Every structure is written in C-alpha cells, then in structure tokens.
Amino acid sequence: MSTERPKYDPSSIEPKWQARWEQEKTFEARRHPGRPKAYILDMFPYPSGSGLHVGHPEGYTATDIVARYQRMRGVDVLHPMGWDSFGLPAEQHAIETGTHPAQTTAKNIATFKRQLKSLGFSYDWSRELATTDEAYVRWTQWIFLKLFQRGLAYQAELPVNWCPALGTVLANEEVIDGKSERGGHPVVRLPLRQWTLRITAYADRLAQELQGLDWPETKEKQVHWIGRSEGAEVDFALEGRGEKLRIFTTRPDTLFGATYMVIAPEHPLLESLVTPEHRQKVLAYRDSVVSKSDMDRTALTKTKTGEFTGAYALHPISGARLPIWVADFVLGSYGTGAIMSVPAHDERDFEFARAFGLPVVEVVSPDGQLHDTASWTEAVTADGVAVRSGFLDGQRTPDAKATMISHLEQKGLGTRRVQYRLRDWVFSRQRYWGEPIPVYFPVELPAGSTDPRKHPHTVRYDQPIAVAESELPVRLPELEDFKPSDDPAGPLSRALDWRFFQKDGKWFARETNTMPQWAGSCWYYLRFIDPHNTQAAFSKEAYDAWMPVDLYVGGSEHAVLHLLYARFWHKVLFDCGVVSHPEPFGKLVHQGMILGENNEKMSKSRGNVVNPDEVVQRHGADSLRVYEMFMGPLEAVKPWQTQGVTGVRRFLDRAWNTLAFVREEPGAAEAPLDEESLRLLHKTVKKVGEDIEALRLNTAVSALMILTNRLADIPRVPLETARTFALLLSPFAPHLAEELWERLGATKSLAYEPWPSYDPALTVDDVVEMGVQVNGKMRSKVKLRRDATEADVRAAIANDPNVLAHTQGKTEKKFVYVPGRIINLVVG
RNA sequence: GCCGCGGUAGCCCAACCUGGUAGAGGCGCUGCGUUCAGAACGCAGAGGUUGCGGGUUCGACUCCCGCCCGCGGUACCA
C-alpha cells in the first residue's frame, strides 16, 4: 500500500486540536433562547499532590461524551470544571515544610489542569473556580450567614477526639484503640465548643424529596442514613427523687414488658442517681467507656457490658420497681440516652438480660397464648398480639402501639415522638486551611486590661455576632507557622492582630474555627452558572438559564455525606428564595472504581497505580478515553488491563487507516455503499445515539468497532459514510474525529455539526435467519423474510433432514412461530 | 447481622429490562499469510453443563423461589 501515507499520530493531532478549541473558545457555554439546555456536571476533584489517576478520567470522559453529543444535537451545554481546594493535605504539607498551603494548592491545581486539558475534555474553562478563591469564599460565608440568621447554625459543646501530641481534633475513623491512627499518640475525649448545622430540621424533607430523583441505590442509602423512626418518649419516675427519667422507644406497646432500665454512660443523671455502694464501680465503668471513641465502643463490644447503679425507676403504669443499669450499648447521642429494656422483644435487651440474669417477660405473643420465656434463646421481635399488658391485651402490635401512645399522652406520661439517626452536622474544624466562619464575639476586659492581645480577657462565645455582608469575605490571616499548638482553638487563635479588633471603642474576637472541606462543595454547582458575579453568588437569570443540574457524575463514596450536605444547603437556599427548585441534581450516576491489573484497589503501596500521563504519551488521550469507556459498564468496578488499551489503540489505528485518506481516492464522492453496509451504518447511528443517552458507553464503542471492521473490509468507503463515521466517533475520540473531519474536507470544528440521523426502515433486516427447534431443542436454521407467513415457514422446513429426523413418526402437537425470532415444533 | 450490586469462553465484557439460534466487541491462545527474522498488520480457527438446586413455559442466561460465592455500604440508633 502507499507507504507515503502518514500514520495515526495522536501526539501531533491531540495538541493541535486542543489548541484550536482553546483559541476558538469552542466550548464556552452560551444560552440561546428557545433551545433546550443540559447542565452536565462532574464532581470536581480535590487537587492532590500526586496528580490525576486513571479513576478521574472515567467519569469525566463519560460526561464529556454526553456533553459533546448534546451540543451536536443543538442543546446548549454547560460543562464546567473546578477545584475543591481546601483540605488537610496542603495544611499538613505546610506544617512539615513551611510552604504556605495556598502555594501548594496553586501548584497542584496547575498539574491537574494540565492533565485534564491533555485529555481533551470540552470544559468551559472560562468558568473555572476554586473553593479557595477569595471571591468564592465570600459567597460560601454568605451562605453560612443565611444559615446562621435562620437559626440553623448554632454553637454546642460536643465531645471530640482531641490529640494533644498532634495538636488536632481527629475524626472517629482516625482513632484506633484510643490512639491516633498516625503516630499512635493518645487521644482524649474532650467537650469542645463547635459550630453545628441543624440538618436534622430538614431530615424529613431530605428523605421524602428524594422520591422524584433519577438516582441509583444512593437514595436508599440516604434514607437509611437519615433513619427516621417513630415511637414515643415516656417518663419514668425515679424512686425517692423529683426528676424523671425520660426514654425513647419505638415499641410503646411493650411497656408492660420492661423489666429494667439502661442509661448511657454519659447520661447527665448518672452521677446523681448512683447509690454510694455502687458509685466506685459505676464511675470506673463510665471512665473506661467514655475515653473510647464511638467506633471502638461499637466495634469492640460484641458481648454486653454494664453496671447496676443501685437506683430504681418506677413503671409509669404498674408502678413496678425497675433497676437502673448503665451500659455502653446505649448511646448518649441518640434519643434521650436512656431506654426501657424489654428483653423478651428486643435482641440487645435480651442479650443483656441473659448476661446479667435479669427477668424476661413476654408481652407480645405470636398466637395470643402465654409462653414461658425460660427456654427462649432469642427475643421475639416480630409483631403479634399483646399479652400480660392490661388494657392492651388482645390487640395486634400496630394497634397496641397507637393505644399505648394515646394512653400515655392522656395521662401526661409520654408523647408521640419521631427520632432520627441523622445527627446535626458538626461544622467547625480547628484548622488553618479552611473558610473562616464569619462570626465574631464581644470581648470582656477586667479592670486594668485594655488590650486582649496582651491582657487577660473573656470572649463571650454565647453572644455570636454575624459579620456584615458588606465585609465579606473574612480572609485568612497570613501565618508563618502552621503548626498546631496544644490549644484546641486552632492555629488561627495565634494570629492575635487578626483575631482581635476594635469597633466603636469595644474589643471583639473573631471566630478561630474554620469550616470543614465539605462546605465549598456544597454549592459549587451554583457558582458555575455565574462564576464572575461580584454582586451576588449568582444571578437569577443565570439560575433560570442553567439550573437544575441535569446529569451529575461522581464516585459513590460521596453517596451520603457530600450529596446530603449539598441537598441540605440547597433546601435552605430554597427556603430563602435564592433558588427555585427544591432539589439540585436531577440525574445522578456513580462511576465504578477502576482496580489495578491485579484486581486490587490501586494504591502506591500495592504498586499497581496506572498513570494516565504515561498512557497518553504512549497511545494518546483518545485511546485512554475510549478504553476507559470500553472496559465495561460505567457503574461497574473493573480491573485495568494494559492489553486492553492496546486493543483500543488498534481500533483507532484501523479507523485512521480506513478513513483518513478516503477523500484522496479517486471517485470517493460517488462510491456507492452496498446494502448490507448501509444497513449496518444506520443501525450504528441508532445504537450509538441511544447508548450515549443511556450511558451504555461500552456497547457504543463496540458498535463503532463493528462498523470500523466492516468499513475496513469493503473496497471503497464513500466520502459521506466516512464523514458520518467521524461524527459518530467524535464524542469518544474527539481529536481523531476532528482530524478525520478536516481530512474529509471540513474547514471548521465538528463540535456543533448536527448529529447524524438514521432511517428506521434500514435498521431492521428484512431477511433473517431463524432457529428451528423441535420440542425446544435447536435442530436447524432457516433464512426467511421477516414477514414470512406460517405457510412459508412450513414450506421452508418441510424437507429439512435435521428437522425430519426428530419429527418422523410423531404427531404435531403445537407449532410455535414468532416471526423473526424462532420456530418451535412440539411433537409427541 | 442488615441493605445494595454482581457471578456468561483463560481474561474484560455483550445478550437479561421486554423469555426465542449462548456471543457483539476487545485481550489472550492456535494455525496460515507477510518478513531474512521478529514486531506490526491481514486471514482462518479453537474454546462455555451461563455459580448451584427447584419452579413457571412449547422454549429460561433472561422471569419466580431457595441456597453458595464475590464486591460495596452500614453496623448495638432502642
């Protein structure tokens, strides 16, 4: 063949087209009146120091394909990218090297941006933003003030995991066996003033408004996380005391089966109710538990532990004396931190009762008969009929619950109550590299003190004052030293000139806690619609033009936290009238993780990390993109196969060799396409379009491969066919497609070229081969027109020896003929 | 334990939604062509009791029931 022809060379084609797109601002999002819009969003990355890994381009390629496809269909597309750039690693790096986190962050962003650009994604880079930008922080703080003004941001004393050696507060996951995961330093549980967001006020809406969303199983995860349970709060009198012990139960119908009470080790009444003779043991037990993190408490305690306090509660109806125990399986942070124990009908209570020899009384019976619990090996938790329960006797469980609650409410002994597993969101971090919380407090100076930076003073944390909107953003102070101190107030407390200021002759102190990394990602999708607005977070026009997000793709590790937090903020903004949809993300897809070649999670320590830069260098961005889509279903977890990339590279090579020179062939413009190839072409146009819309990108690639193989086989490819192919390929391998498009005679980018259409009549074959079964077993095949009649079929198979061999001497019982599908002779 | 997803050729995966000839595509393997030889390329080919057991049906990878295995999430939330 003509050896003069250039080979497919992605290393020259790809930079050429990337430069062209950038220069011509091809992908700047513009809204045209009357056109449909699509807001196609990736979860923006945290720009880590190690750069992009092959997992990033998976979701990004999928959205890019959809974005490019939609543009070709005449849809206005918003497809932005930015950086979730606050975060611990940059701060940790600062502590170790003294490099300012802003510097590290800028450097990492530059690397990420270069890598993403090398993959040819069609982002509108003019909308790039970073959560660390002051212009962005300003509006993050503005939203915080909205929460604060609505009473949804409040301060509370909460126990945290404080590690004095590291000088930091640790997440539960970072504490193992009472020691820090990193370094093994002791960790103490310490109550600390924290900003908290009242997400529980939105619990029901967050659960219910999931219903209309096109989301995967993530919806169930969120519902479970929110964990609504309905029940009652009941007050138990304490023997010999004025106070009551309030408990929460979902089974008020089992009240008569309560044989003892259990309170959490952190219960406020514990100290005062424990009797002198039990005091020592109870307090020792409490101390042993309280120092543990929640994780350890729940993970390590398979067998129940606890102590009797010596105190008794009185049953609100029967007046029976119920011993009060303390045990760590009762959590201080859920419900009221106290329970009534009904061992016959609750697994945990049953276990505890057996461990400590407490009585088990049956009050719910499957058959209404009375049973002896002595031989029971487990609790009966199913619904049944109330027994040994006075006025409830004979009632089914649901009725008994309702009856008991009304009774309690009537007598003033308890109330109906809905309880959530979801807790309010601890929103402050004792860190430097985060958004300052835009709040300050009055400072009181005792006589003789004039300057809180030098003299003793009291900060009135109980009187928080919102920073005026006009003064936003509150910027981070410059620090030389990012090291934590032994003060849990965090590094900002050392920036005295920043922290303390005077106004109208009075001293005030700024909040020294910062926001968690989640804050910035809670609303970035809103800033993308109007990223340069200096008057507002975004304009109403921009909102109406682009919102809501039509497709949101990102990892399922964010299924609960990020996606719940963002929805929460959105709903608050909805209530403020700032946004006009109750939900921000219409359709959500989680891409599956890409494993290493050895089928294990990619990690440096396993030595199985694939670097996308190397793949791009070797085979080009188009090969990487197409391979990642071809690996398997987008949502599936799948292993990397280096040989697979080679296979895709061969496909692109073949496409190049088959199509790049079509125009130079004499007579290409008039060359006819044989009927079978024509049908395949139309089938492919149909399938690729449908597959993109359903995000079945693996099978779309496969369809393109089939078409390529066919075109490579026919003697001459017509120019129009080659042009159609380039358009079909372009969302997947945009650089190669643009290059082909140009070689086939175009002078401008194909980015807005109309997506090819197809003739439905050509997408079905009129002659099909059908299987012929006898009694359901395949015996032969026959080629017939799709619209063949039963008589045609009978004629066609009448003399088929393979069929006759199995029907000879038998009588036909049934003749099944599904046109285009199957023929089945049932004989006997 | 509970919830979710999955199990098809040596490997990655189609076909399952909507039952109808088990195979689209890629990798690997075998043979042939090409080559001094290899790589690349081209052509041809082999390879499966669809995790197991039962049910429904003329017909089950597909639908239903029960189990086994793998992965992810969650874990004493009263």
Side-chain angles (χ1 to χ4, degrees), chain A residues 1 7 216-221 223-225 227-229 231 247-251 254 262 295 297-299 301-302 304 327-331 333-342 345-349 351-352 419-423 556-557 559-560 590 592-593 595 597 599 601 626-627 630-633 635-651 653-654 657 687 696 698-709 712-713 768-782 813-828:
Chain A
M1 287 284 247
K7 286 191 167 155
E217 71 291 343
T218 306
K219 290 205 272 194
E220 284 90 78
K221 280 189 194 169
V223 169
H224 177 240
W225 190 263
R228 180 191 161 100
S229 34
I247 60 99
F248 173 71
T249 178
T250 56
R251 293 294 302 272
T254 62
V262 185
M295 288 280 261
R297 236 170 95 171
T298 51
T301 14
K302 280 289 168 213
K304 297 267 183 292
D328 67 354
F329 82 89
V330 174
L331 306 175
S333 51
Y334 184 81
T336 61
I339 60 163
M340 67 173 190
S341 223
V342 185
H345 307 293
D346 181 281
E347 285 171 40
R348 297 152 301 181
D349 294 348
E351 245 181 80
F352 192 85
Q419 182 68 41
Y420 301 95
R421 215 183 74 104
L422 180 72
R423 313 292 155 85
S556 59
E557 65 272 23
V560 176
H590 298 302
M593 207 189 340
L595 305 175
E597 207 138 12
N599 247 299
K601 213 174 200 163
V626 174
Y627 172 62
F630 185 60
M631 289 175 81
E635 297 90 334
V637 177
K638 44 216 175 269
W640 184 269
Q641 298 196 119
T642 300
Q643 286 301 325
V645 188
T646 322
V648 165
R649 171 61 190 266
R650 279 183 205 149
F651 156 56
D653 276 330
R654 194 175 306 140
N657 293 332
K687 178 159 180 63
R696 289 186 300 250
N698 52 329
T699 51
V701 172
S702 164
L704 290 169
M705 287 174 167
I706 294 167
L707 181 59
T708 306
N709 290 345
D713 274 350
V768 288
E769 190 176 46
M770 281 180 287
V772 183
Q773 300 180 338
V774 178
N775 287 343
K777 288 207 167 86
M778 284 301 305
R779 298 302 182 191
S780 185
K781 294 172 185 181
V782 62
K813 287 185 161 172
K814 191 166 180 178
F815 187 84
V816 181
Y817 168 48
V818 183
R821 294 281 191 191
I822 202 78
I823 296 146
N824 188 11
L825 282 158
V826 185
V827 296

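Since the structure is predicted, the reported quantities are computational estimates derived from the model, not experimental observations. We name chains A, B, ... by the order of the sequence lines, and we start the count at 1 in each one.
Here B:rU57 sits opposite no nucleotide as a Watson-Crick or G-U wobble pair (both hydrogen-bonding atom distances under 3.5 Å).
Put simply, the side chain of A:Lys304 and the base of B:rC76 share a donor and an acceptor less than 3.5 Å apart.
Between B:rG73, B:rA78, B:rC27, one nucleotide has an atom nearer to the side chain of A:Thr249 than all others, and that is B:rA78. Among the nucleotides B:rA78, B:rU21, B:rC12, the one closest to any side-chain atom of A:Met778 is B:rU21. Side chain of A:His224, nearest nucleotide from B:rU74, B:rA78, B:rA24: B:rU74. Side chain of A:Met705, nearest nucleotide from B:rA40, B:rA14, B:rG25: B:rG25. Checked against B:rG26, B:rA78, B:rC12, the side chain of A:Asn709 finds its nearest nucleotide in B:rG26.
Aromatic ring centres of A:Trp640 and A:Tyr627: separated by under 6.0 Å.
Regarding A:Glu635, its CD atom lies at a distance of 18 Å from the P atom of B:rG72, rounded to whole Å. The CZ-P distance, from A:Arg821 to B:rG19, rounds to 9 Å in whole Å. For the pair A:Lys777 NZ and B:rA22 P, the computed distance is 12 Å after rounding to whole Å. Going from atom CD1 of A:Ile822 over to atom C1' of B:rU57 covers 14 Å, rounded to whole Å. Summarising the geometry, the separation between CZ on A:Phe651 and P on B:rG26 is reported as 10 Å, rounded to the nearest angstrom. Regarding A:Lys221, its NZ atom lies at a distance of 18 Å from the P atom of B:rC2, rounded to whole Å. A:Glu217 places its CD atom 10 Å from the C1' atom of B:rC3, with the value rounded to the nearest Å. Distance, A:Leu825 CG to B:rG59 C1': 13 Å, rounded to whole Å.
Counting heavy atoms from C-beta on, the side chains of A:Val223 and A:Lys221 never come closer than 4.5 Å.
Distance noted for atom C1' between B:rC29 and B:rA9: 12 Å (whole Å). Comparing the C1' positions of B:rG45 and B:rC52 gives a spacing of 33 Å, expressed to the nearest Å.
Judged by distance alone, the side chain of A:Asn657 and the main-chain N or O of A:Asp653 form a donor-acceptor pair under 3.5 Å.
Residue-level contact check: A:Asn824 touches the bases, meaning some heavy atom is under 4.0 Å from a base atom. Nucleic acid contact for A:Ile706: sugar-phosphate only, since backbone atoms but no base atoms lie under 4.0 Å from a heavy atom of the residue. Contacts of A:Pro639 with the nucleic acid, taken as non-hydrogen atoms under 4.0 Å apart, involve only primed sugar atoms and P, OP1 or OP2. Counting any heavy atom pair closer than 4.0 Å across all strands shown, A:Arg423 reaches a base atom.
An OP1 or OP2 oxygen of B:rU74 is reached within less than 4.0 angstrom by no side-chain nitrogen or oxygen of A:Arg421. Contact annotation: A:Tyr627 side-chain N/O to B:rG26 OP1/OP2 distance is not under 4.0 Å. Between A:Asn599 and B:rC11 there is no side-chain N or O to OP1 or OP2 distance below 4.0 Å. The phosphate of B:rC41 (OP1 or OP2) has a side-chain N or O of A:Arg650 nearer than 4.0 angstrom.
Between A:Gln641 and A:Asn698, it is A:Gln641 whose nearest contact on RNA chain B lies nearer the 5' terminus. If you find the closest nucleotide of RNA chain B to A:Gln419 and to A:Gly820, the one lying nearer the 5' end belongs to A:Gly820.
Applying the 6.0 Å contact sphere to CZ of A:Arg423 captures more than 12 heavy atoms from other residues, nucleotides or ligands.
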